[in-house]
Amino acid sequence: LALLLSAPMLWLVIAYLGSLATMFITAFWSVDSFTGSLVKIWSWDNFHTLLTADVYRTIALRSIGVAVAVTLIDALLALPIALFMAKVLPLRFAQFAVVVVLLPLWASYLVKAYAWRTMFSEGGVLAWLLNPLGISAPGYGLGATVLVLAYLWLPYMILPIYAGLERLPNTLLEASSDLGANGGRTFRSIVLPMIYPSLIAGSIFTFSLSLGDYITVKIVGGKSQLFANVVYDNVGTAGNLPFAAAAAMVPVVTILAYLFLVRRSGALENL
């Protein structure tokens, strides 16, 4: 058994952590501006550029803001949906609801993103619905990016909260009602503290997936740019792999910092 378990751990160390270590080392190299060849001389220039250039600080803050906004929207949407699935629907219908929540994950990421692009276009569904009301369609931009990402990652927030609510005994809710607490008080004092670890688990998915996404903003983001696009553009268009590696450390460090804060809160220990 120990031998069987050691193989996946070995893969994790070599393939995953090894690739991160290689990326970190590459971030200290540079590219010859004349020949385009890789210069394997250690330097802090890439990190200095990321820290001192205003444009990269702006993009980093924008990316974190989008990830936070997506996480909050998904949490607000997932809570009532998961609560209805776990505590209102009968068991057989709740199981069917779980399948319905999972259905969007079976569709292609690009198909869903381009479907939203069509909706946000000038002649799209949103324009058709809003223009008669005297409201202009939102079009492409950060708002569209946040909405599409929130739609894409919503199942990753619903399922952990649903699992947490399933473990919540109904007797606690009945006892709260017998003691005179209304629905809001029961939710704040009983439900929310019990599902807090599940909320944190879902937020890890939505926050990290949003922070690392670069395709959605290219499809519906208009002229907006997130930090993952900086990495993508320097790999493809600019061909500056060392700077791309340095830029890729920003989302990695941000997610590690978020996981550190979550761990300090004790939420991970109660999952």
Side-chain angles (χ1 to χ4, degrees), residues 11-71 105 108-114 116-117 140-142 144-146 148-153 156 204-259:
W11 177 89
L12 175 66
V13 171
I14 295 177
Y16 187 70
L17 298 181
S19 62
L20 286 177
T22 303
M23 182 180 69
F24 182 70
I25 294 172
T26 307
F28 290 95
W29 297 345
S30 60
V31 172
D32 189 291
S33 59
F34 181 72
T35 62
S37 58
L38 198 63
V39 179
K40 298 180 180 180
I41 299 176
W42 286 58
S43 171
W44 289 91
D45 290 347
N46 293 326
F47 293 101
H48 182 266
T49 302
L50 288 172
L51 292 173
T52 57
D54 292 337
V55 62
Y56 295 119
R57 286 201 299 269
T58 302
I59 295 175
L61 293 175
R62 182 190 302 147
S63 302
I64 294 173
V66 167
V68 171
V70 170
T71 300
L105 298 180
S108 169
Y109 174 101
L110 289 176
V111 169
K112 292 182 288 187
Y114 274 105
W116 277 95
R117 177 180 173 85
Y140 306 133
L142 278 182
T145 301
V146 170
V148 175
L149 288 176
Y151 162 77
L152 291 173
W153 312 139
Y156 295 99
I204 292 173
F205 287 112
T206 57
F207 184 82
S208 58
L209 289 170
S210 300
L211 197 62
D213 190 276
Y214 68 92
I215 298 176
T216 296
V217 71
K218 281 188 169 293
I219 295 175
V220 299
K223 297 180 180 179
S224 303
Q225 191 176 34
L226 302 182
F227 218 88
N229 299 105
V230 176
V231 179
Y232 175 82
D233 291 340
N234 278 278
V235 171
T237 306
N240 193 341
L241 293 179
F243 189 81
M249 296 305 299
V250 175
V252 171
V253 171
T254 303
I255 293 170
L256 288 176
Y258 181 68
L259 291 176

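No experiment lies behind these values; they were computed from the predicted model shown. Start at 1 with the first residue, then count along the sequence. Just so it is clear, the values below take in all heavy atoms, side chains as well, and ignore hydrogens, waters and symmetry mates.
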Does Phe28 have any ring-ring contact (aromatic ring centres under 6.0 Å, His included) partners at least two apart in sequence or in another chain, and if so, which?
Phe24, Trp42, Trp44, Phe47
List in chain and number order the residues that pass ring-ring contact (aromatic ring centres under 6.0 Å, His included) with Phe243, two or more places apart in sequence or in another chain; answer none if no residue qualifies.
Tyr56
Which residues share a side chain to side chain contact (heavy atoms under 4.5 Å, CB included) with Thr254, sequence neighbours left out:
Ile64, Phe207, Leu211, Val250
How many angstroms lie between CE in Met249 and OG1 in Thr26, if you round to the nearest 0.5 Å?
10.5 Å
Which atoms form the tightest heavy-atom contact between Ile204 and Ser208, and what is the distance?
O-OG, 2.6 Å
Around Tyr156, counting heavy atoms of other residues, nucleotides and ligands shown, do more than 12 lie under 6.0 Å from its OH?
no
Who are the side chain to side chain contact (heavy atoms under 4.5 Å, CB included) partners of Leu241, not counting sequence neighbours?
Val235
According to side chain to side chain contact (heavy atoms under 4.5 Å, CB included), who are the partners of Ala69, at least two apart in sequence or on a separate chain?
Val146
Sequence neighbours excluded, the answer for side chain to side chain donor-acceptor pair (under 3.5 Å) partners of Thr206 is Thr71
Would Thr216 and Tyr109 count as a side-chain hydrogen bond (donor to acceptor under 3.5 Å, both in side chains) here? Give the steps.
CA-CA 9 Å; Thr216 296; Tyr109 174 101; 2.6 Å; yes
Restricting to salt bridge (Lys or Arg N to Asp or Glu O under 4.0 Å), what partner residues turn up for Lys218, sequence neighbours left out?
Asp233
Smallest separation among heavy atoms of Ala245 and Met23, with atom names
CB-O, 3.3 Å
Who pairs with Thr49 by side chain to side chain donor-acceptor pair (under 3.5 Å), at least two apart in sequence or on another chain?
none
Ser210: which residues meet the side chain to side chain donor-acceptor pair (under 3.5 Å) condition with it, sequence neighbours left out?
Trp153
Does the pair Leu50 and Asn46 meet the rule for a side-chain contact (heavy atoms from CB on, under 4.5 Å), with working shown?
CA-CA 6 Å; Leu50 288 172; Asn46 293 326; 5.6 Å; no
Just how far is it from atom CD1 of Ile215 to atom CG of Leu226, taken to the nearest 0.5 Å?
12.5 Å
Does the side-chain contact (heavy atoms from CB on, under 4.5 Å) test come out yes or no for Thr145 and Asp213, once each step is laid out?
CA-CA 10 Å; Thr145 301; Asp213 190 276; over 6 Å; no
Checking Tyr114 now: which residues fulfil side chain to side chain donor-acceptor pair (under 3.5 Å) with it, not counting sequence neighbours?
none
Any idea which heavy atoms bring Val230 and Gln225 closest together, and the distance?
N-NE2, 4.2 Å
Just to verify, what does Tyr214 make a side chain to side chain contact (heavy atoms under 4.5 Å, CB included) with, not counting sequence neighbours?
Ala228, Asn229, Tyr232
Which heavy atom in Val31 sits nearest to a heavy atom in Pro242, and how many Å separate them?
CG2-CD, 3.5 Å
Contacts of Asp54 meeting salt bridge (Lys or Arg N to Asp or Glu O under 4.0 Å) (sequence neighbours excluded), chain-then-number -> Arg57
